[in-house]
Amino acid sequence: MASLAARRAKDTTIKVISTGFAIFAIFLLAWILWTLVARGAPALKLTVFTNVTMPPGHNGGLLNAIVGSLIQIALALVIGGPIGLLCGTFLAENGKGTKIGSAARFVNDILLSAPSILVGLFIYQFLVIPFGGFSGWAGGIALAILVIPVIVRTTEDMLNLVPVGLREAAFALGAPQWKVVMMVTWRAARAGIVTGILLAVARAAGETAPLLFTSLGNNSWSVDLSKPMASLPIAIYQYAGSPFDDWVALAWAGALLITVGVLLLNIASRLVLARMK
Amino acid sequence: MDATITTAKAGALPPIDKAKPTGAVSDPIFVGALWASGIFVLILLGLIIAQLFEGGLPALRHFGLDFLWTATWNPVTENYGALVMIYGTLFSAVIAVIFALPLSFGIAFFLTEIAPQALRRPIGVAVQLLAAVPSIIYGMWGFFVIVPLIAAYVQPPLIDWLSPIPVIGALFMGPPLGSGMLTAGLILAVMIIPFITAMFVETLESVPAMLKESAYGVGATTYEVYKNVSIPYGKTAMVGAIMLGLGRALGETMAVTFVIGNATRLSASLFAPGATIASTIANEFPEAALGSLKLTSLLQLGFILFVISFIVLALSRALVRSRLD
């Protein structure tokens, strides 16, 4: 065995390296944020929010992309929220110990980490081709499929934290299961469920790949869900790769907006969780 | 006396045996909805697999299984094969895991053993926020910031020193473009570090204090306890965590599309531009006409990616759950 001094030296070295790695990770986050602020902030003019996307050199904005993103995220929540909430409740209450429950939990874990671009391809094949074109509906539904697993997982985890005694007390009073779930368990886990929804919104807001084949993007103002619809990530993708300086600047402005939004949602959800515990 | 009270009450309330239990109608509906949503998730996965398979079927009929190991992707001659993309997908994901692993081990060590209690949460959250940054942002950061840095400072010295060496040299051949397999792997590494680290920390925190204290009691250093007690204890779940990182890296699209160079040629070099399945789908889809052989080949690629991810993610889950359940 190595001498005590040598073992201590090794211990210290590894501790220093590990600390360095942690600092490096934070440095990377700071570097990304700095890049976004340095390049995005100068381009973040009022016209970004008031003008729609325009040809290069015409002082365009991102209004249609921002509104399109909001509409598709809202659609994803309206469709995916209830399904996710019910499925998460199913896994925590009725599905426990059943074969269908375990299978659904397994499948949900797969969907949670499955490549999001494949969800886009699936909706393209399943909805876009049969219904004859790219649409806001298709984009919203693709995002709904990404939102569901996040909500299912957090809902199940949060409901599992609710003491069984609470449920038993409600059942003992003669309450039917729907009342027990809606008025006791959901209420007790409310903050946690909200956290899941915030995280789901954060995920949907930044997704680009699934929208490429579903809502496609749209360079003019449109809130018609049956037509191709603009979105912030698609606009960023289109502009960042363009050779025009003003478009690239606009892409950075959009990137800054999206990242700040997504990170704030994440931090907010963590604060809600911290208060719960 | 007792009898009169009973009759008086019985007059005011309906007889107990005739009263319908509350929820006799509403409960089956509610419970039915719960089961339906559980079954819906199962059907959803089945639908995704079936649709991707069906979409790629014409390509499968046209090229047969040769599609899997054909290294051409030529839109002009309409000759498509998946080998370059499968290779690129696996290669870039493995590079990502190789770089992410030591960092994740180090950060998890820092968060569970070194950092003062007050700092653990904020630093842990900051690392987790790396996972929240959208993929396309990594793509832009990689393309505009990292690629030029690698082209200017990393590749030229590595090419000078290492490419003359036989065998290993093949990994470092080619012009210093900045983009390519290595850059894609590095960006992917940053993206999967938070996932791997979070699961490492969760596993390490579940190590019984008694085990660690016993090791400290016989004079082990913090690192020795980490290496010889904590890591062996959580080994299975930690391998699962690494598989999850791998699974995430395999399907990442936007970040890779920006930095991998998008060349559908096979090359052993870390510096050569390449393509992954996901980046090829994202790149070539706009040029694929409805009903074309190209479109169905892309859908077939999607199906292959789904199968690869499914296997890796299922394995990961089996390893992680076996430990935690």
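Reminder, nothing fancy here: chain letters follow the sequence lines and each chain counts from 1.
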* Asked: What are the two closest non-hydrogen atoms of A:Leu263 and B:Ala132, and how far apart are they?
  -> CD2-CB, 3.9 Å
* Work out which heavy atom in A:Ala104 is nearest to a heavy atom in B:Gly38; give both atom names and the distance. => CB-O, 3.7 Å
* Name the option with the most non-hydrogen atom pairs under 4.5 Å to chain A; the candidates are B:Ile277, B:Thr197, B:Leu47, B:Ile29. => B:Leu47
* To do: Please check if atom CZ in B:Phe143 has more than 12 non-hydrogen atoms from other residues, nucleotides or ligands closer than 6.0 Å.
  => no
* Heavy-atom proximity to chain A below 4.5 Å, by part of B:Leu129 -> both
* Return the minimal non-hydrogen interatomic distance between A:Leu29 and B:Ala126, and the atom names on each side. => CD2-O, 3.5 Å
* Can you name the nearest heavy-atom pair linking A:Ile117 to B:Ala278, along with the distance? -> CD1-O, 3.4 Å
* Structure fact -> Taking a cut-off of under 4.5 angstrom between non-hydrogen atoms, the residues of residues 297-304 of chain B near chain A are B:Leu298, B:Leu299, B:Gly302
* To do: Please list, chain by chain and in numerical order, all residues satisfying side-chain hydrogen bond (donor to acceptor under 3.5 Å, both in side chains) with A:Asp109, sequence neighbours excluded.
  => A:Arg153, B:Arg317, B:Arg321
* **Pair listing, salt bridge (charged side-chain N to carboxylate O under 4.0 Å, His left out) test, anchored in residues 28-42 of chain B, at least two apart** => none
* Is a donor on one side and an acceptor on the other found under 3.5 Å between the side chain of B:Asp27 and the backbone of A:Trp178? -> yes
* Is it the backbone or the side chain of B:Ile281 that comes under 4.5 Å from a heavy atom of chain A, or both, or neither? -> both
* To do: Decide yes or no on ring-ring contact (aromatic ring centres under 6.0 Å, His included) for A:Phe213 and B:Phe285, but give the supporting numbers first.
  => CA-CA 8 Å; A:Phe213 327 125; B:Phe285 181 85; 4.3 Å; yes
* Asked: Listed by chain and number, what are the side-chain hydrogen bond (donor to acceptor under 3.5 Å, both in side chains) partners of B:Arg248, not counting sequence neighbours?
  -> A:Ser113
* Residue B:Thr253 versus chain A: region with a heavy atom under 4.5 Å -> side chain
* Asked: Side chain, backbone, both or neither: which part of B:Met254 has an atom under 4.5 Å from a heavy atom of chain A?
  -> side chain
* **Contacting moiety of B:Leu52, where chain A heavy atoms sit under 4.5 Å** => side chain
* To do: Return the option, out of B:Thr257, B:Val125, B:Ile107, B:Ile48, with the maximum number of heavy-atom pairs under 4.5 Å with chain A.
  => B:Ile48
* Asked: Does any heavy atom of chain A fall under 4.5 Å from the side chain of B:Ser104, the backbone, both, or neither of them?
  -> neither
* **Which of B:Phe110, B:Tyr226, B:Trp35, B:Phe258 touches chain A most, by non-hydrogen pairs under 4.5 Å** => B:Trp35
* Asked: When only pairs under 4.5 Å are counted, which of A:Arg8, A:Arg39, A:Glu207 shares the most heavy-atom pairs with chain B?
  -> A:Arg39
* B:Val41 portion near chain A, given a 4.5 angstrom heavy-atom threshold -> both
* Structure fact -> Most contact-rich option vs chain A, by heavy-atom pairs under 4.5 angstrom, among B:Phe105, B:Phe109, B:Phe144, is B:Phe144
* To do: Can you tell which part of B:Phe310 gets under 4.5 Å to a heavy atom of chain A, answering side chain, backbone, both or neither?
  => both
* To the nearest 0.5 Å, tell me how far A:Asp11 CG sits from B:Thr222 OG1. => 4.5 Å
